[in-house]
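We number each residue from 1, following the sequence as shown. Just follow the structure's listing: the first ligand is 1, and inside any ligand the first atom is 1.
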Amino acid sequence: MSSSAPQSTPLPLAQRAYDRALDCVHCGLCLPTCPTYSTNGLEADSPRGRIYLMKALADGRVEPGHSVVRHLDLCLDCRACETACPSGVMYHELIEETRIHLHASRKPQGASRLVQWMVLHVFPWPWRIKLATLPAKVMQKIGVWNAALKISARLLPPQLEKMQQLLPIGGPLWAKRLAKHYPPTGKKRMTVGFFGGCVGQAMFQQTNRNAIALLTTFGCEVVVPRVQRCCGAIHHHAGDPNGAIKLAKRNIAAFEGCDVIVTDIAGCGAMLKDYAFLLHEEPEWTERAGTFTQKMRDINELLVELEPPAPGHSINQRVTYHDACHLAHGQGITDPPRQLLSMIDGLDIIPLNESDMCCGAAGTYNIAEPEMSRELVDRKLANIRETGCDTCVMANVGCAMQIESEARRSGMKLKVVHPVDLLAQAYGV
Ligand code: SF4
Ligand code: SF4
């Protein structure tokens, strides 16, 4: 891949990912938007520095030693650098491909091993998440959860303590499954396949129900295939591309026959929209994956496409809006949620400084990299505090859990809601 003489075993990056590194012209325009660079000021923790390191790894000019790998581990894969890049560098393809190769030689130990096992074997199934969190939910109901958190803060390793702390307060003990079919109100306009997400179905089922209620109100027949599976983002980011590919194939088959496929979870949506790329080396899946990607929508963009009438109910409230990375940078969606919220009479949307700067959640980054994650969420909370709002709107469960739990930890009164929660209230559905 390179004319320079390798001194170490080159990392076997795919040609397309390697070419992404060559697209970088080192202009540095992405640097101010990078959460890690703007926190510690290190070139090696900037997009440009990481691209240089990844290319050097692929050329065999550097060893994948501890310090090199640390700089790559600290990347949130938030894709803010892609939004800023004038050269169209698809940074996420490069970092994800590099991580797959680096992860292959890793053997996590102790708490990290347990966390990795949970991430791969519990998180991708809603019923396993519900089962794993049931004792905590019971403790919340009987009022001993805060005491349990205090004890576990002293006993548990930081990663496991963070997992506990992320658990939302309230909600049902066991979220009921969605129905398989929801008929439209009035004349049918299209059939929409609904993707509920694993954490979404276990912990944010009411938001899923609100999204479905809005869709049926605007003339969509909604189907929820029972055979849908995790989007694969967890596997993909944990360096298990084969696991992600297997799940992608299941989902493509599950949603065939729908006119449009929708999710209300930005993290899942970004992954689902990437299926065409994920399967680009499997010719028998190329067309089906391409069709799936074309049909895929975030709930905010689909609702705007449906051109809804003005909502009938006012909400007299001041709120601010946080741009989830996987919506703003991963899918380029910033206007639709604001457009929908601005239709609600009485709702005052206060601009949030650095609204598209990562909150430090980034999938399981907040568990794996608690220090950088906490610096970023503290910065996010300080910006939210400045707005004077006690409600923050966001379209991703990962951000919701991170921002809500860290606000609680710091004693800040803050409610987090999804745009569809406010819209359902405004439309009275
Ligand atoms: S993905 Fe985010 S954290 Fe990683 S280099 Fe780009 S901007 Fe920085
Ligand atoms: S903005 Fe793009 S081209 Fe410029 S340094 Fe960043 S990644 Fe490279």
Side-chain angles (χ1 to χ4, degrees), residues 13 16-59 67-103 233 236-239 266-267 269-271 273-274 277 322-334 354-380 383 396 398-399 402:
L13 283 192
R16 174 164 155 158
Y18 183 84
D19 289 346
R20 299 296 187 205
L22 297 178
D23 287 343
C24 174
V25 295
H26 317 296
C27 66
L29 287 173
C30 54
L31 267 59
T33 68
C34 174
T36 53
Y37 177 78
S38 71
T39 299
N40 64 20
L42 294 177
E43 173 70 16
D45 285 329
S46 77
R48 183 175 60 188
R50 291 188 177 117
I51 290 169
Y52 178 84
L53 286 177
M54 289 187 275
K55 186 171 176 298
L57 282 171
D59 290 340
S67 73
V68 170
V69 173
R70 272 308 292 150
H71 292 305
L72 300 178
D73 278 351
L74 211 57
C75 171
L76 297 128
D77 200 4
C78 69
R79 300 172 65 174
C81 45
E82 290 180 21
T83 303
C85 179
S87 303
V89 173
M90 294 291 276
Y91 176 90
H92 77 285
E93 291 181 10
L94 187 58
I95 186 83
E96 287 161 13
E97 171 92 18
T98 303
R99 281 178 172 169
I100 286 167
H101 295 299
L102 293 177
H103 281 204
H236 195 57
H237 297 140
M271 181 71 204
K273 285 183 177 178
D274 238 9
F277 173 64
H322 156 73
D323 285 279
C325 298
H326 284 95
L327 196 62
H329 306 304
Q331 300 180 58
I333 297 173
T334 53
E354 298 183 332
S355 71
D356 64 351
M357 177 72 78
C358 183
C359 65
T364 52
Y365 185 96
N366 47 4
I367 298 167
E369 300 289 345
E371 279 176 32
M372 178 59 78
S373 169
R374 190 149 282 167
E375 288 215 39
L376 293 171
V377 76
D378 284 347
R379 182 168 166 169
K380 181 63 69 182
N383 281 323
N396 191 37
C399 308
Q402 167 85 339

To which protein heavy atom is [atom] closest, and what is the distance rounded to 0.1 Å?
atom: atom 2 (Fe) of ligand 2; value: Cys85 SG, 2.3 Å
atom: atom 8 (Fe) of ligand 2; value: Cys24 SG, 2.4 Å
atom: atom 3 (S) of ligand 2; value: Val25 N, 3.3 Å
atom: atom 4 (Fe) of ligand 2; value: Cys27 SG, 2.3 Å
atom: atom 6 (Fe) of ligand 2; value: Cys30 SG, 2.3 Å

What protein N/O/S atoms lie closer than 2.8 Å to atom 4 (Fe) of ligand 1?
Cys75 SG
Let me confirm one number: the CG-CD distance from Asn383 to Glu354, rounded to the nearest 0.5 Å.
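One finds 5.0 Å between CG of Asn383 and CD of Glu354.
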Decide whether [X] and [Y] meet the rule of one side-chain donor and one side-chain acceptor closer than 3.5 Å.
X: His92; Y: Asp274; result: yes
X: Asp23; Y: Tyr91; result: no
X: Thr98; Y: Arg50; result: no

Check the surroundings of atom OH in Tyr52: do more than 12 heavy atoms from other residues, nucleotides or ligands lie under 6.0 Å from it?
no
Within-4.5 Å side-chain heavy-atom neighbours: [X] and [Y]:
X: Thr83; Y: Thr33; value: no
X: Lys380; Y: Cys399; value: no
X: Leu327; Y: Asn396; value: no
X: His237; Y: Thr364; value: no

Check each heavy atom of Leu31 against ligand 2 and say whether those closer than 4.0 Å belong to the side chain, the backbone, both or neither.
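Neither part.
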Atom indices of ligand 2 within 4.0 angstrom of Ile51 heavy atoms, with elements
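Reading through ligand 2 atom by atom, the close ones are 7 (S).
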Number the atoms of ligand 2 from 1 as they appear, then name those within less than 4.0 Å of a heavy atom of Gly28, with their elements.
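Going through ligand 2 atom by atom, the ones under 4.0 Å from Gly28 are 4 (Fe), 5 (S).
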Only one of Ser87, Cys24, Pro86, Cys81 passes side chain to side chain contact (heavy atoms under 4.5 Å, CB included) with Cys30; say which it is.
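Between Cys30 and the candidates, side chain to side chain contact (heavy atoms under 4.5 Å, CB included) is satisfied uniquely by Cys81.
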Quick check on Pro86 - does any of its heavy atoms sit under 4.0 Å from an atom of ligand 2?
yes
